[in-house]
Every structure is written in C-alpha cells, then in structure tokens.
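See structure below.
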Amino acid sequence: MTEHLSEAVATKAWSGRFSEPVSDLVKRYTASVSFDQRMAHQDIRGSLAHARMLARQNIISAADFSAIESGLATISSEIARGEFVWNLDDEDVHLNIEKRLTALVGDAGKRLHTGRSRNDQVATDIRLWLRDEIDAIDALLLAYQVALLDLAGRHAETPLPGFTHLQVAQPVTFGHHLLAYYEMARRDRERLSDCRHRVNRLPLGAAALAGTSFPIDRESVAAELGFEAICENSLDAVSDRDFAIEFTAAAALIMLHISRFSEELVLWMSPRVGFIDIADRFCTGSSIMPQKKNPDVPELARGKTGRVFGDLMGLLTLMKGQPLAYNKDNQEDKEPLFDSVDTVRDTLRIFAEMVPGISVKPDAMLAALGQGFATATDLADYLVKKGLPFRDAHEAVARAVRAADAHGCDLANLSLGELQAYSALIDEDVFAVLTVEGSLAARDHIGGTAPAQVRSAIARARAALQSAAD
Ligand code: ARG
C-alpha cells in the first residue's frame, strides 16, 4: 500500500515530500497547462538561454548542454507539429516540457532546473510572450492609423456637423473628425512603447525568491534573450506583475478609443442619421426582419471593451493583497492577460480592414449641418471683428437665432434687413461668413478644421509614420 502510494506520488516533480497523491479535483484546480502551454515557445527560449549560461559558468557540462539543446529542439518541433502530449499530471507548461526533456535526454534534462525556480521561469516566459504581443499590437495600431489617414485624406473637405452634447455645434470636416481617432491611436502606441521598457526586464536568476547559490551570470542571459535590463531585486523579480497591469491598462484605453469610434459608427449608420454605410462584409442581418443590416462589428467591439476593463480590474485585484514574494495566486495572471491581448488584436485587425470599407454620404452630412445654426459662432466672430465685444456679439446672435428658429429657417436665409435688426454692424459681406465653406476655411491654424489644415495634418502624420518606419 505504502509502496503503491509513493509510486503514484512520484509522478510529480515535487512529490517526494508527499505521502498521498493529489486528488483529481485539486489537480484540475491547480493546473495551468491548459492555458499556459501558449507560452511553450518562450519557455523553451528561456530554458535554452539558462542552460547555455549554466554551461558557460561550468555549472553543467558542455555535454549536458548539448543534450538539453537537442532535446529542446525536438520538443519544439513536436509542439509545432501538434504532436506534443500535454499532461494535466504535470501541472503546467514548465513541468510538461521538463518531463519530456528528461524522457528524451535523461539526466541532462534533470539538470536544467539548477539555479532556477518555476517562479522566475514563469515571470520570464510571460515577459517574453508579452513583448512579442506588444510588437504585434503596435503593428496593428499602425495599420489602423494608416486606414484612418487614407479615409481622412479622401474627406479633408467633406463637411460634417461637429457636435457638443450631441447637438449641432459647428461645421468640421469628416477628415478632421477622423484625425481625432488617429491622435488617440498615436497615444496608444506611445503608451505601449513606454510600457514595453518595463516588460523587457529579466527576472531569471531570482530563483524561488532569494537568488541562488550557483555562480550564475544574469547579464548574459538578459543579453541573449534581448532584455534591456535585469530585475534588480529577487523578491520583486518573482512577484512583480506591474508590467502586465500596465499593459492591460494600455489595452483598456485602446479599446475605450475603439469603443467611442464604434458608438459614432453605429449612430452614423442609423437610418435616422445616415451619414455613412459600412461594407456588407462587416455587417449582419436579422433572422426575423428581412430589411435589417446591422453594424455588428462596431457594436461587438463596444461590448468587448467591457471584457478588457474586466481583465484590468481582475489583475489589479489579483495583486492587491499578495505578500512577498511568489504566491500561487499569480497563476491567475495569465488568462486575463491572454484575453486582453486576443481581444485587442482581433479588434484592431478588424478595424484596420473595416475603416477602408466605410462609405460616406456627404449630402446627408451637409443636410444635417443646415439644421442647427452651425455658423452662429461665425456670425458672432464677424461682429467681434467689426468692433463689438464678444459677449454683446453672443447676445445679438442668440436673438437672431431665435428669430430664424421661429421662421423655421437657417441664419443665412434671413434677409440682410432682418439680420441688421440684431446689429447695425451687419453688412452684405455677412453671407460669405454664414456658409459652411466659409466657416470651415476660417479655422485656419494648426489643429483647426480648415481643409488646408486637415491636409497638412495628414501630411505630417504620414511623414511621422514614415520616419518611424525608417
Ligand atoms: N504555473 C505556475 C504559474 O503560473 C508556475 C509557477 C509555480 N510555482 C510554484 N512554486 N508553484 O505561476
């Protein structure tokens, strides 16, 4: 009986200490292999760098290192071919790979874990994995920015009602409006590149929490794995997940921006507004209402934003009560992080493809501009330029707007005589000021909506993207 038990227990890497096997329920509850196998490639890279350093430092022999190297190469290709057998009994990606390595190369495989713990190993794997994902997300943000610039370039002169409080405020160009989303994406990329520096540090060498008694060379491992620096304190190295939280916060902002854009797309596509159409391949129909064409992609992006906010809140909460150093709680960091990465990647990919499929209905945009006294500020500015203090000009125009509203017409449809009732300063030249084109062209400074400014903003943005790529 005792013999039978110790045999069952001995299948675990850490089982020597235990007198009975873990129950099936606990095994399932504590295992992470079902999801952390996603980091297998990074785990192998980290192990290779660690083993190479051990050999350089004469902690393991050159023969052991080459056995480890060829064993890991075999495992890599088994995983790539989908032939690697992941085993719940081996708990996580690290122990699965180590066990297979030992089966392939014997004692050398058992020496790989010298001077290392799964605690510094897993922290290294996540950082390597996230670093690659940040680069992929940055490339997708760039593609999304290019799509926005292309569409903005086609609509540098297309007038759109600019809203505040969702009430018609002043004319803007559709291109100018899209450039606002370009700016958000620019900040998103800045945040990711800033966060990447803190992701890109090596925890390996911290071992379980205190460092190791072997003469390791952490700098060489960092250099081989492309880390900018090493984590300086062993306790912090194994327990820090700030970098994952920072990334998820940046991801939450990316989604927040996409969600705001989505809300506008949904509104603009509503037949009551009718400013745009989205290509059929990004929309779906209704199973009951034959006439429906629904903007499912932006709606779902708006909805998925909530998942990423949830991932962020989950990670913050995961960390807040943890004493130093590593705790098993940390295993829960992976699924929210993976979910955020997957959600952001899928969403950005689909947006980069969907934006070029947006068709614009300039007539509807212009018609909407005729319904909200969008050039009232221009009339006030006109009076100020003729010497009236702004507050008085504001008051005079407000009364003119009330009259036009009562007539059911726009300011430009009032006669010169009617307009002059509100200010004697008004002259024939007022009608040029009251046009949408005049209003747009007047906002001719950096950051303004004048078509010439929109075109140069697009040119500056393209030049910045180009010089970043060079
Ligand atoms: N699967 C674990 C994780 O994801 C690896 C580290 C486990 N370390 C330990 N001492 N139990 O965090």
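This is a predicted model, so every value here is computed, not measured. Counting starts at 1 for both ligands and their atoms, following the listed order.
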Counting from 1 in the order shown, the ligand 1 atoms closer than 4.0 Å to a non-hydrogen atom of Ser32 are 1 (N)
Sub-4.0 Å atoms of ligand 1 with respect to non-hydrogen atoms of Lys334:
3 (C), 4 (O), 12 (O)
Nearest protein heavy atom with distance in Å, relative to [atom]:
atom: atom 9 (C) of ligand 1; value: Asn119 OD1, 3.5 Å
atom: atom 11 (N) of ligand 1; value: Arg118 NH2, 3.7 Å
atom: atom 2 (C) of ligand 1; value: Gln331 OE1, 3.3 Å
atom: atom 5 (C) of ligand 1; value: Asp92 OD2, 3.5 Å

Cation-pi geometry met for Arg201 and Phe243 (6.0 Å, 45°)
no
Regarding Arg131 and the six-membered ring of Phe227, is the cationic atom NZ or CZ under 6.0 Å from the ring centre and inside 45° of its axis?
yes
Is there any N or O on [X] that sits under 3.5 Å from an N or O of ligand 1?
X: Tyr326; result: yes
X: Asn330; result: no
X: Glu91; result: no

Only counting residues at least two apart or in another chain, list the ones meeting side chain to side chain donor-acceptor pair (under 3.5 Å) with His41.
none
In terms of heavy-atom contacts, does [atom1] of [X] have more than 12 from other residues, nucleotides or ligands at under 6.0 Å?
X: Glu332; atom1: CD; value: no
X: Arg349; atom1: CZ; value: no
X: Lys328; atom1: NZ; value: yes

Thinking salt bridges, do Glu98 and Lys110 make one under a 4.0 Å N-O criterion?
no
How does Gln121 reach ligand 1, by side chain, by backbone, by both or by neither, if only non-hydrogen atoms under 4.0 Å count?
neither
